Amino acid sequence: MSDLKELLLSRIRDVEDYPEEGVMFKDITPLLADAAAFTALTDALAGIAARTGATKVVGLEARGFILGSPVAVRAGLGFIPVRKAGKLPGATLRQAYELEYGSAEIEVHAEDIGADDRILIVDDVLATGGTAEASIELIHRAGAEVAGVAVLMELAFLSGRARLEAALKGAPLEAILTV
């Protein structure tokens, strides 16, 4: 696992003062551009899907789509996008959540998640946990079980893990990297 972590970290670029002054942005585009690194990450996340007994993968807009789709294919599972409100046609379930300064809403197609599903939520970064918490609530409202949350990187100093603990109801939260 340390070889995997070293490989992934070597392909993540720090961008100072982006998107605003004082923020150190973790740019994963060099990782995505490197076939070996992207494949290794996909394999690691697909392994989490297998260990958790997931039946489907949910990817959170937008980088969760990029990571979650190949994970679902590699694991032989279906993929479900969780989108910003207003982006999906048809019947949706919607969940509001609080941001640091304001609020937002996400939604999912209601018919894509069934009561027998165990859903693995995949995203690039766990920061404060607001979007992940809202997606967990959406999955529960759809009647499905959350198999776990898997992320490339957890920003531990933002305490997202603590925020998700109760909502996860014992399901695992796995981060390939913790910074």
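Since the structure is predicted, the reported quantities are computational estimates derived from the model, not experimental observations. All heavy atoms count here, side chains included; hydrogens, waters and symmetry mates do not.
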Evaluate the criterion side-chain contact (heavy atoms from CB on, under 4.5 Å) for residue pair V108 and I113; output intermediate values, then yes/no. CA-CA 9 Å; V108 66; I113 299 176; 4.1 Å; yes
Can you tell me if F25 has over 12 outside heavy atoms packed within less than 6.0 Å of its CZ? yes
For D116, is the CG atom crowded, meaning more than 12 foreign heavy atoms sit under 6.0 Å from it? no
Please examine the side chains of [Y] and [X], heavy atoms only from C-beta on, and report whether any two atoms are closer than 4.5 Å.
{"X": "I136", "Y": "I121", "result": "yes"}
{"X": "L67", "Y": "L152", "result": "yes"}
{"X": "V179", "Y": "L155", "result": "yes"}
{"X": "V151", "Y": "I176", "result": "no"}
{"X": "P30", "Y": "D27", "result": "yes"}
{"X": "Q95", "Y": "V82", "result": "no"}
{"X": "F38", "Y": "I66", "result": "yes"}

Which heavy atom in [X] sits nearest to a heavy atom in [Y], and how many Å separate them?
{"X": "L164", "Y": "G129", "result": "CD2-O, 3.5 Å"}
{"X": "G78", "Y": "A72", "result": "O-CB, 3.8 Å"}
{"X": "R94", "Y": "G86", "result": "NH2-N, 3.6 Å"}
{"X": "A156", "Y": "T178", "result": "CB-CG2, 3.8 Å"}
{"X": "F79", "Y": "F65", "result": "CZ-CA, 3.9 Å"}

Give the C-alpha distance, both sets of side-chain angles, the deciding distance and a yes or no for side-chain contact (heavy atoms from CB on, under 4.5 Å) between I139 and I119. CA-CA 8 Å; I139 292 164; I119 308 292; 3.5 Å; yes
Go through the structure and list residues passing salt bridge (Lys or Arg N to Asp or Glu O under 4.0 Å) with D17, not counting sequence neighbours. none
Return the [atom1] to [atom2] distance between [X] and [Y], rounded to the nearest 0.5 Å.
{"X": "D34", "Y": "T39", "atom1": "CG", "atom2": "OG1", "value": "8.5 Å"}
{"X": "L126", "Y": "L158", "atom1": "CG", "atom2": "CG", "value": "8.5 Å"}
{"X": "S2", "Y": "L7", "atom1": "OG", "atom2": "CG", "value": "11.5 Å"}
{"X": "E133", "Y": "L168", "atom1": "CD", "atom2": "CG", "value": "9.5 Å"}
{"X": "L60", "Y": "I106", "atom1": "CG", "atom2": "CD1", "value": "6.5 Å"}
{"X": "R51", "Y": "L120", "atom1": "CZ", "atom2": "CG", "value": "10.0 Å"}

Path from [X] to [Y] over hydrophobic side-chain contacts below 4.5 Å:
{"X": "L77", "Y": "L41", "value": "yes"}
{"X": "V15", "Y": "F157", "value": "no"}
{"X": "V58", "Y": "L88", "value": "no"}
{"X": "I80", "Y": "L93", "value": "yes"}
{"X": "Y18", "Y": "M24", "value": "no"}

Pair R163, T128 - check side-chain contact (heavy atoms from CB on, under 4.5 Å), show working. CA-CA 7 Å; R163 179 177 184 168; T128 63; 4.1 Å; yes
Is the backbone of [Y] close enough, under 3.5 Å, to the side chain of [X] for a donor and an acceptor to pair up by distance?
{"X": "T52", "Y": "A49", "value": "yes"}
{"X": "K26", "Y": "M153", "value": "no"}
{"X": "D117", "Y": "G114", "value": "yes"}

Tell me, with the steps shown, if L177 and L9 meet side-chain contact (heavy atoms from CB on, under 4.5 Å). CA-CA 8 Å; L177 304 171; L9 283 170; 3.8 Å; yes
For [Y], is there an ion pair with [X] - N to carboxylate O distance below 4.0 angstrom?
{"X": "E145", "Y": "R118", "value": "yes"}
{"X": "E105", "Y": "K84", "value": "no"}
{"X": "E107", "Y": "K87", "value": "no"}

Output the rest of the hydrophobic cluster of V23: all Ile, Leu, Val, Met, Phe, Trp and Tyr residues reachable through side-chain heavy-atom contacts under 4.5 Å, sorted by chain and number. none
Flag for T131-Y97: side-chain donor and acceptor within less than 3.5 Å: yes
Can you list the residues that meet the side chain to side chain donor-acceptor pair (under 3.5 Å) rule with D124, with sequence neighbours excluded? R63
With salt bridge (charged side-chain N to carboxylate O under 4.0 Å, His left out) as the test, would you mind laying out the steps for E61 and R83 before giving the verdict? CA-CA 5 Å; E61 189 163 338; R83 303 284 321 258; 2.7 Å; yes
